[in-house]
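Notes follow once the structure below has been shown.
Counting convention: from 1, in listed order, for ligands and their atoms alike.
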Amino acid sequence: MKNFTDINSIGNWRKAVEDALEVKRNRFAFKHLGTDRTMLMIFFNSSLRTRLSTQKAAMNLGMNTMVLDVNQGAWKLETERGVIMDGDKPEHLLEAIPVMGCYCDVIGVRSFASLTDRDADYSEVILNQFIRYSGRPVVSLESATRHPLQSFADLITIEEYKTKERPKVVLTWAPHPRPLPQAVANSFTEWMKATDYEFVITHPEGYELAPEFTAGVTVEYDREKAFAGADFVYAKNWSAYNQPNYGKVLSTDRSWTVDERIMGLTDNARFMHCLPVRRGMIVTDDVIESPQSIVIPEAANREISAQTVLKKILEELPA
Ligand code: CP
């Protein structure tokens with residue numbers, strides 16, 4: 001694997017899950033792969049799970065790790081070409097990226113959507129600059145449009161907890177006070193489409209995701225119908241994709257909060273969320289604390305998805 005940016009990076013999803021479960025059974029068996037290799041993780045945005053799980057995954061593989069928070073202690077970076085750099089950004093990303101590439105063997109990048117310029121966000125300017133100019137394999141730690149390490153962990157978790165060959169999985173929008181990117185929802189949709197699960201998205205009108213992700217997917221605006229008989233409920237907020245509302249919060253309607261009543265319509269569904277989650281907005285305390293909630297094992301599988309991806313990258317790195 002050269003780069004890990006989306007579902008296409010992973011190949012056959014069943015084989016990828018098998019590989020992940022093998023890593024999970026014996027996560028310290030591959031330490032030799034990372035000896036004298038360095039992983040650099042660049043964060044343009046905050047993180048708890050991605051930072052810790054990816055660093056742990058790299059350490060399990062024997063790698064050295066370095067973490068740079070671009071907005072804390074590093075030079076502020078200009079990302080646009082053709083600008084006169086007379087403002088508060090003393091370094092350009094186009095020099096910073098190859099310099100960072102000099103110090104490591106693999107680069108992980110977290111760079112969220114701006115939510116102001118849809119075309120720029122959906123062309124993945126920053127992630128693609130890292131791929132083009134770093135000279136190193138690049139792992140997305142969540143980009144403007146996708147969060148593939150999260151989706152891979154979600155898939156592993158569903159495979160571990162499913163009790164039917166083809167479970168019904170529902171992705172439900174839920175309210176949040178601030179505008180959030182569509183990346184987790186896009187990515188989860190992309191990975192669920194690759195499986196043979198029954199997959200349904202439900203959201204209020206106006207929250208349609210990009211057609212490039214939802215083509216062929218059932219979108220059910222009637223939330224109760226969507227939840228009926230579900231085996232997994234994946235809650236997530238996202239801001240509007242469609243223009244002229246791109247990046248806006250259109251609703252904070254708490255009737256979309258996942259509560260015990262709506263979960264009662266499911267087939268005793270497991271509750272999932274990528275975390276961090278706002279209780280009382282996305283989900284009630286009762287649901288997230290219930291035995292059906294698998295948010296913690298889901299987060300634990302972030303280490304496994306990251307290690308599986310890094311292992312594949314290391315196996316293909318030139319000596
Ligand atoms: N789910 C997830 O990516 O969490 P962090 O933002 O804390 O990394």
Take the angle between the ring planes of [X] and [Y] and call it parallel below 30°, perpendicular above 60°, tilted in between.
X      : Y      : value
Trp13  : Tyr197 : perpendicular
Phe30  : His32  : tilted
Phe152 : Phe4   : tilted

Gln150 pairs by side chain to side chain contact (heavy atoms under 4.5 Å, CB included) with which of Cys274, Ser140, Ser305?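 It is Cys274; the other options fail the test.
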What atoms of ligand 1 come closer than 4.0 angstrom to any heavy atom of [X]?
X      : answer
Arg302 : 1 (N), 2 (C), 3 (O)
His147 : 2 (C), 3 (O)
Leu48  : 5 (P), 7 (O), 8 (O)
Cys274 : 1 (N)

Where is the nearest protein heavy atom to [atom]: which residue, which atom, and how far?
atom                   : result
atom 1 (N) of ligand 1 : Leu275 O, 2.8 Å
atom 4 (O) of ligand 1 : Arg49 NE, 2.9 Å
atom 6 (O) of ligand 1 : Arg110 NH1, 2.9 Å

Quick one: does [X] get an N or O within less than 3.5 Å of an N or O on ligand 1?
X      : answer
Ser47  : yes
Pro276 : no
Glu142 : no
Ser46  : no

Hey, does the Lys NZ or Arg CZ of Arg110 hover above the aromatic six-ring of Phe44, less than 6.0 Å from the centre and inside 45° of the axis?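 Pair Arg110/Phe44 does not count as cation-pi.
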When you compare the side chain of Tyr122 with that of Gln182, does any pair of heavy atoms fall below 4.5 Å?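 They are in side-chain contact.
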If we only count heavy atoms from C-beta on, is the Val106 to Arg136 side-chain gap below 4.5 Å?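 A side-chain contact is absent here, since even the closest heavy-atom pair is not under 4.5 Å.
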Please classify the Val184 to ligand 1 contact at 4.0 Å (heavy-atom distances, strictly less than): side chain, backbone, both or neither.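 No part of Val184 comes within reach of ligand 1.
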Judged by modelled atom types alone, do Thr157 and Glu298 share a side-chain donor-acceptor pair under 3.5 Å?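 Absent: no donor and acceptor within the cut-off.
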